[in-house]
**Student:** 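Below you will find the structure I want to go over with you.
All values below were derived from every heavy atom in this structure, side-chain atoms included, with hydrogens, water molecules and symmetry-related copies excluded. In what follows, every chain begins at residue 1, and chains take the letters A, B, ... in the order their sequences are listed. Values in this document were obtained by computation on a predicted structure and should not be read as measured data.
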Number of protein chains: 2
Amino acid sequence: MDANTFREFAKEAVDYVANYLENVRECDVLPSIEPGYLCDLLPKTMPETPEHWKDVLKDMERVIKPGLTHWMSPHMHAYYRCGASYPSIVGDLLCNGINVIGLSWIASPACTELEVVVMDWLAKFLKLPEEFLHSHEGPGGGIIQGSASESILVALMAAREQAVKHWKQKHPEMSESDIRGKLVSYSSDQSNSCVEKAGVLGAVTMRLLPANDEFILTGEILEKAVLKDLEQGLIPLICIATLGTTGTCAYDDIPSLGAVCQKYNIWLHVDAAYAGSAFALEEFSHLRNGLELVESLNFNMHKFLMVNFDCAGMWLKDANKVVDSFNVDPIYLKHKYEGQNKMPDFRHWQIPLGRRFRALKVWVTFRTIGAEGLRAYIRKHIDLAKRFENFVLSDSRFEMVANRSLGLVCFRPKGDNLRTTELLNQLTERKQIYLIQAKRGNLHFLRFCICGMDPQEEDVDFAWKEIQSQLDVVLEKEFLNGVKNDVDIISQKFSKDVYINGTAPISEKSK
Amino acid sequence: MDANTFREFAKEAVDYVANYLENVRECDVLPSIEPGYLCDLLPKTMPETPEHWKDVLKDMERVIKPGLTHWMSPHMHAYYRCGASYPSIVGDLLCNGINVIGLSWIASPACTELEVVVMDWLAKFLKLPEEFLHSHEGPGGGIIQGSASESILVALMAAREQAVKHWKQKHPEMSESDIRGKLVSYSSDQSNSCVEKAGVLGAVTMRLLPANDEFILTGEILEKAVLKDLEQGLIPLICIATLGTTGTCAYDDIPSLGAVCQKYNIWLHVDAAYAGSAFALEEFSHLRNGLELVESLNFNMHKFLMVNFDCAGMWLKDANKVVDSFNVDPIYLKHKYEGQNKMPDFRHWQIPLGRRFRALKVWVTFRTIGAEGLRAYIRKHIDLAKRFENFVLSDSRFEMVANRSLGLVCFRPKGDNLRTTELLNQLTERKQIYLIQAKRGNLHFLRFCICGMDPQEEDVDFAWKEIQSQLDVVLEKEFLNGVKNDVDIISQKFSKDVYINGTAPISEKSK
């Protein structure tokens, strides 16, 4: 393909993307296909000779789009939001055009240096302790990793290798594997599955401690577990706390966890994948309490900060602890500025050797949106979630399961778990909105998260109307099946008559 | 930013990329900046209010481009090639426009299913044993990982966890950490640094066995090491063989390694990051010998197959061995088709939870280039490397260090290491071409790799002329400094008089 054909193809793809995003609200958010649908639509081998690019674009409509769950749709309310923005898409286009691999500083200085610049911009925007800045004289700084999973694994492995070195010096008679076998990590039972997986991958025992009634891990809970382990001769290694847990967006108590970690020399890592962006808002300054006690933290720019997936920021207070653990430098990566400057060789801060020029999409996004725009975007999500919360509170057939937190509302229809599951199945079957369930102990509930590229009040209203009407259906089925229900729920089962406090009647989805 | 501004911005970015790639040959391949250059060119904080996108594009020229090492330039000869192509850039643009995260099948079925389709296309194109195909009834299949590093680490960690389970059953009295402490991995001292790093990250002893005189790891070398370890009560775990080593693109002896691995129940992984693409060529069918004995293998589509970085294919003969090791499934990822179909949940095959829709760029590239086009592209690189090899052989001041292999030529000026280093410094200083050095034992040499997006014969000729002329300079300096040199080298030190066998006089770089 020559450059001129590329210009034509790429510009038509730009229009395809713009049209897709402008109209994604009108699609069913969930696809209507069965597993294996695609294998029947495509040939079994790649073509021998080139096909025309127009045929490929046509197949985006014929083959790909019918199999998409539309994360950019405002009717997406599952998982956590995955951000995207027009400037970020352009930023990554430029990254792909240049197509450098940032193996080292010399492998493309701009790739390393722009990452240093934007990670400092971001640390200031989030008001992180200054030890996390590259421009601070200390050994700290930020890096862009691919995912929260990788960031957490990096922290755990670095802590592990540091502990092995430390204990080996103190107890030369112990083997490295003896030491590793005694290491214990801690997190809460509310943390993301990638935390448990990090324990498996890092071959370190991971205790998922039961969070308190507010879904929070506290210093008290941690200290009890630590003392028990110390009694058994084990070595407390790392605590992975969460700001914005996956289930309910709860915030672990960083100040008290930090105090315990300092006392017992435990690495404190904070996974702020979802909630980290809120550090930027004055009204959430309490979320930053205790960050000065933290050794490392991560948060996802692809959640609230309008940068396309994948883009996970990670900060280290002392990057040498990671570099020292992971560095295996061969001659072919040496260059003349090696070690002579403050520019980091980020390959030692991460798992893979190669690195995309991800800083480019961050830079293009932040410059064209601006700090004010980013803060307004986060606040919009919070306001929309408040709107949904009010809907839930105004309908006595539903109950909140946890406090609304940022853009997430956790709720359920009153009654047993089966009703929650039935409601979810009903909603999923209809494909108009997409929610997922979570559970705490034995209690199942639904998570309603504000997602999509450009969510609006009308989308929240649409979702609530859909949820109400589908609860009607579930309750009617229960009634017809003679299922015993709480009388006060059944008496209100027709939502058509339930008006929502302080809101205009909900408009129909224009479809 | 609204959709129409995006159309305008993105289309201008498309032109920027096309212009960049059309003219990249004319830039110095290495940048003329000092570490920290960028921090002085950009503000210390992100802007409060939006800047115009045109200013950002202008800054691509003012701040980013001067700091690039141009991987897409045909004057890039360092590391290994990093592929890119126009259709691949468009494919990733579409991926970013859709911006889904493939957490599970239901999170966007097309994301999982297209990956199944293209990985089978690729397995057939490369003529891999059919056990590696998803469409085969067995438990094997292919996945797109971010990098060779991740693929190798996944294989090592899965092998480790499988071994722990196996030994724990046989010896319940052993603790898991006791078992892990006895595990030993093997690779050659010629393997990529990420292999050594995988040992560190996976906390498994990694023996980098000395390769033979042809830089090859053989079954014989492996078996000796295995027997020694068995004698000491250790547990041989995994052998990571390489097809296309980083230093010289040597091919480890897979059939003999495979036989030893079968005998001692060792997981055989093949890192074919660079050379894997050559499986597709009939004249390299010998490279596929022994692949039926392999448990897992990886190769980079972003090397020869014209797909943009990052895109690393990995195949497993029995994916359950990885899934069984890594699966930590929480309720929020469950969906109704879970476990009911042959569609893999790729999150269990990899380190991170999230996944980009990378299959899209592969699909767009393969369809618009076609199998014939891909094979022709690989062969072009081989032919260009042969051309360079002939230049080296025709000038008696140089020597080959290993056989030319695919697109890589390893050579050096005859004489001591200092001369090689001086020549490299001279070339790097002038920034016209970019090579790196490698070493074997104490012998330093230069690696000349055919890279860039569209390398041509004239680029190879240009590079050779540059190398010859800079050796002249080095030899002259040595002469003036009274350094003792081999007489037969000195007598030929002026390359202007040396004609290259069977080639026309080398043309000047048009700049």
**Student:** At what distance, to the nearest 0.5 angstrom, does CG of L42(B) lie from CH2 of W121(A)?
**Tutor:**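 Reported value, rounded in 0.5 Å steps: 6.0 Å.
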
**Student:** At a 4.5 Å cut-off on heavy atoms, which part of M157(A) comes close to chain B: side chain, backbone, both, or neither?
**Tutor:**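 Interface part for M157(A): side chain.
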
**Student:** Quick one: which of C82(B), A198(B), S147(B) has the most heavy-atom pairs under 4.5 Å with chain A, could you say?
**Tutor:** C82(B)

**Student:** Looking at every non-hydrogen atom in both residues, tell me the closest pair between Y79(B) and A107(A) and how far apart they are.
**Tutor:** OH-CB, 3.9 Å

**Student:** Can you tell me which of K361(A), E12(A), E113(A), R180(A) forms the most heavy-atom pairs within a distance under 4.5 Å of chain B?
**Tutor:**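 When all of K361(A), E12(A), E113(A), R180(A) are compared, E113(A) has the most.
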
**Student:** Can a salt bridge be assigned to the pair R367(B) and D55(A) using a cut-off of 4.0 Å between side-chain N and carboxylate O?
**Tutor:**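 Judged by the 4.0 Å cut-off on N to carboxylate O distance, R367(B) and D55(A) do not form a salt bridge.
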
**Student:** Against chain A, work out which of M46(B), K124(B), Q145(B), R160(B) has the most heavy-atom pairs shorter than 4.5 Å and name it.
**Tutor:** M46(B)

**Student:** May I have the step-by-step check of side-chain contact (heavy atoms from CB on, under 4.5 Å) for T69(B) and V100(A), ending in yes or no?
**Tutor:** CA-CA 8 Å; T69(B) 298; V100(A) 299; 5.9 Å; no

**Student:** With only heavy atoms counted, which part of K182(A) is less than 4.5 Å from chain B, the side chain, the backbone, both or neither?
**Tutor:** neither

**Student:** Locate the shortest heavy-atom distance separating Y37(A) from A110(B); write the atom from each residue and the value.
**Tutor:**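 Of all heavy-atom pairs spanning Y37(A) and A110(B), the closest is OH-CB, 3.3 Å.
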
**Student:** Measure distances from L21(A) to the heavy atoms of chain B and classify the residue's part below 4.5 Å as side chain, backbone, both or neither.
**Tutor:** side chain

**Student:** Heavy atoms only, distances under 4.5 angstrom: which of S177(A), A84(A), A203(A) has the most pairs with chain B? Name it, please.
**Tutor:** A203(A)

**Student:** Heavy-atom pairs under 4.5 Å with chain A are the metric here; pick the option from P87(B), A78(B), S108(B) that has the most.
**Tutor:**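 Going by pairs under 4.5 Å, I would pick S108(B).
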
**Student:** Between chain A and each of C39(B), G36(B), S85(B), P31(B), count heavy-atom pairs under 4.5 Å; write down the option with the most.
**Tutor:** G36(B)

**Student:** Run S193(B) and L353(A) through side-chain contact (heavy atoms from CB on, under 4.5 Å) and show every step you take.
**Tutor:** CA-CA 8 Å; S193(B) 61; L353(A) 173 58; 4.2 Å; yes

**Student:** Under 4.5 Å heavy-atom distance to chain B, tell me which part of P352(A) shows up: side chain, backbone, both or neither.
**Tutor:**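 Both parts, backbone and side chain.
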
**Student:** Heavy-atom distance under 4.5 Å to chain B: side chain of D59(A), backbone, both or neither?
**Tutor:** both

**Student:** For F6(A) and V14(B), work out which heavy atoms get closest and say how close.
**Tutor:** CE2-O, 3.7 Å

**Student:** Given a strict heavy-atom distance threshold of 4.5 Å, which part of F357(B) is in contact with chain A: side chain, backbone, both, or neither?
**Tutor:**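 Only the side chain of F357(B) comes within 4.5 Å of chain A.
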
**Student:** Name the region of L114(A), side chain, backbone, both or neither, that has any atom closer than 4.5 Å to a heavy atom of chain B.
**Tutor:**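 Both parts, backbone and side chain.
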
**Student:** Distance from E34(B) atom CD to M343(A) atom CE, nearest 0.5 Å?
**Tutor:**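 CE of M343(A) is found 12.0 Å from CD of E34(B).
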
**Student:** Check whether Y20(B) gets within reach of chain A through its side chain, its backbone, both or neither, counting any heavy atom under 4.5 Å.
**Tutor:**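 Side chain only.
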
**Student:** Where on N19(A) is there a heavy atom nearer than 4.5 Å to chain B: the side chain, the backbone, both, or neither?
**Tutor:**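 Interface part for N19(A): both.
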
**Student:** Contact part of E161(A) toward chain B, heavy-atom cut-off under 4.5 Å: side chain, backbone, both or neither?
**Tutor:**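 The side chain, not the backbone.
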
**Student:** Which answer fits S175(A), side chain, backbone, both or neither, if we ask what part of it has an atom under 4.5 Å from a heavy atom of chain B?
**Tutor:** neither

**Student:** Nearest 0.5 Å, please: how far is CZ in R347(A) from NZ in K197(B)?
**Tutor:** 8.0 Å

**Student:** Nearest 0.5 Å please: distance from the CD1 atom of I351(B) over to the CD1 atom of I351(A).
**Tutor:**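 Atom-to-atom, I351(B):CD1 and I351(A):CD1 are 5.0 Å apart.
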
**Student:** Salt bridge check, E22(A) against R7(B): does any charged N sit closer than 4.0 Å to a carboxylate O?
**Tutor:**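 A salt bridge is present here (some side-chain N lies under 4.0 Å from a carboxylate O).
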
**Student:** Out of S135(A), P109(A), G202(A), C95(A), return the one with the most heavy atom pairs under 4.5 angstrom to chain B.
**Tutor:**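 Highest number of heavy-atom pairs under 4.5 Å: P109(A).
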
**Student:** Between I89(A), V17(A), N308(A), which is the residue that forms a side-chain contact (heavy atoms from CB on, under 4.5 Å) with N99(B)?
**Tutor:**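 When side-chain contact (heavy atoms from CB on, under 4.5 Å) is applied between N99(B) and each of I89(A), V17(A), N308(A), only N308(A) qualifies.
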
**Student:** Under 4.5 Å heavy-atom distance to chain B, tell me which part of I101(A) shows up: side chain, backbone, both or neither.
**Tutor:** both

**Student:** Is it the backbone or the side chain of Y16(B) that comes under 4.5 Å from a heavy atom of chain A, or both, or neither?
**Tutor:** side chain

**Student:** Name the region of S325(A), side chain, backbone, both or neither, that has any atom closer than 4.5 Å to a heavy atom of chain B.
**Tutor:**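 It is the backbone, since no side chain atom gets that close.
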
**Student:** Counting distance only, does the side-chain N/O of E51(A) pair as donor-acceptor with the main-chain N or O of T368(B) below 3.5 Å?
**Tutor:**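 Checked: no pair found.
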
**Student:** Side chains of D120(A) and K44(B): does their closest heavy-atom pair fall under 4.5 Å?
**Tutor:**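 SC-SC contact between D120(A) and K44(B) ruled out.
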
**Student:** Could you check V63(B) against W363(A) for side-chain contact (heavy atoms from CB on, under 4.5 Å), going step by step and ending with a plain yes or no?
**Tutor:** CA-CA 12 Å; V63(B) 278; W363(A) 182 64; 4.0 Å; yes

**Student:** T49(B) and E372(A): which non-hydrogen atoms are nearest, and at how many Å?
**Tutor:** CG2-OE1, 3.7 Å

**Student:** Drop me the distance from I98(B)'s CD1 to L68(A)'s CG, to the nearest 0.5 angstrom.
**Tutor:** 5.0 Å

**Student:** Below 4.5 Å, heavy atoms only, C-beta onward: do V364(B) and W53(A) meet side chain to side chain?
**Tutor:**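 V364(B) vs W53(A): side chains apart.
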
**Student:** Using 0.5 Å steps for rounding, measure from the CD atom of E176(B) to the OG1 atom of T205(A).
**Tutor:** 8.0 Å

**Student:** Is a salt bridge present between D310(A) and R355(B), judged by a nitrogen-to-oxygen distance below 4.0 Å?
**Tutor:** no

**Student:** Show your reasoning for whether side-chain contact (heavy atoms from CB on, under 4.5 Å) applies to N96(A) and L93(B).
**Tutor:** CA-CA 9 Å; N96(A) 279 318; L93(B) 169 65; over 6 Å; no

**Student:** Side chain, backbone, both or neither: which part of K65(B) has a heavy atom under 4.5 Å from chain A?
**Tutor:**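 K65(B) has no heavy atom closer than 4.5 Å to chain A.
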
**Student:** If you count heavy-atom pairs within less than 4.5 Å of chain A, which of M60(B), H52(B), H134(B) leads?
**Tutor:**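 Ranked by contacts with chain A, first place is M60(B).
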
**Student:** Who among D2(B), L57(B), T428(B) has the most heavy-atom pairs with chain A under 4.5 Å?
**Tutor:**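 The residue among D2(B), L57(B), T428(B) with the greatest pair count is D2(B).
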
**Student:** Closer than 4.0 angstrom, basic N to acidic O: yes or no for K11(A) and D15(B)?
**Tutor:**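 Yes.
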
**Student:** Can you name the closest pair of heavy atoms from V117(A) and P43(B) and give their distance?
**Tutor:** CG1-O, 4.5 Å

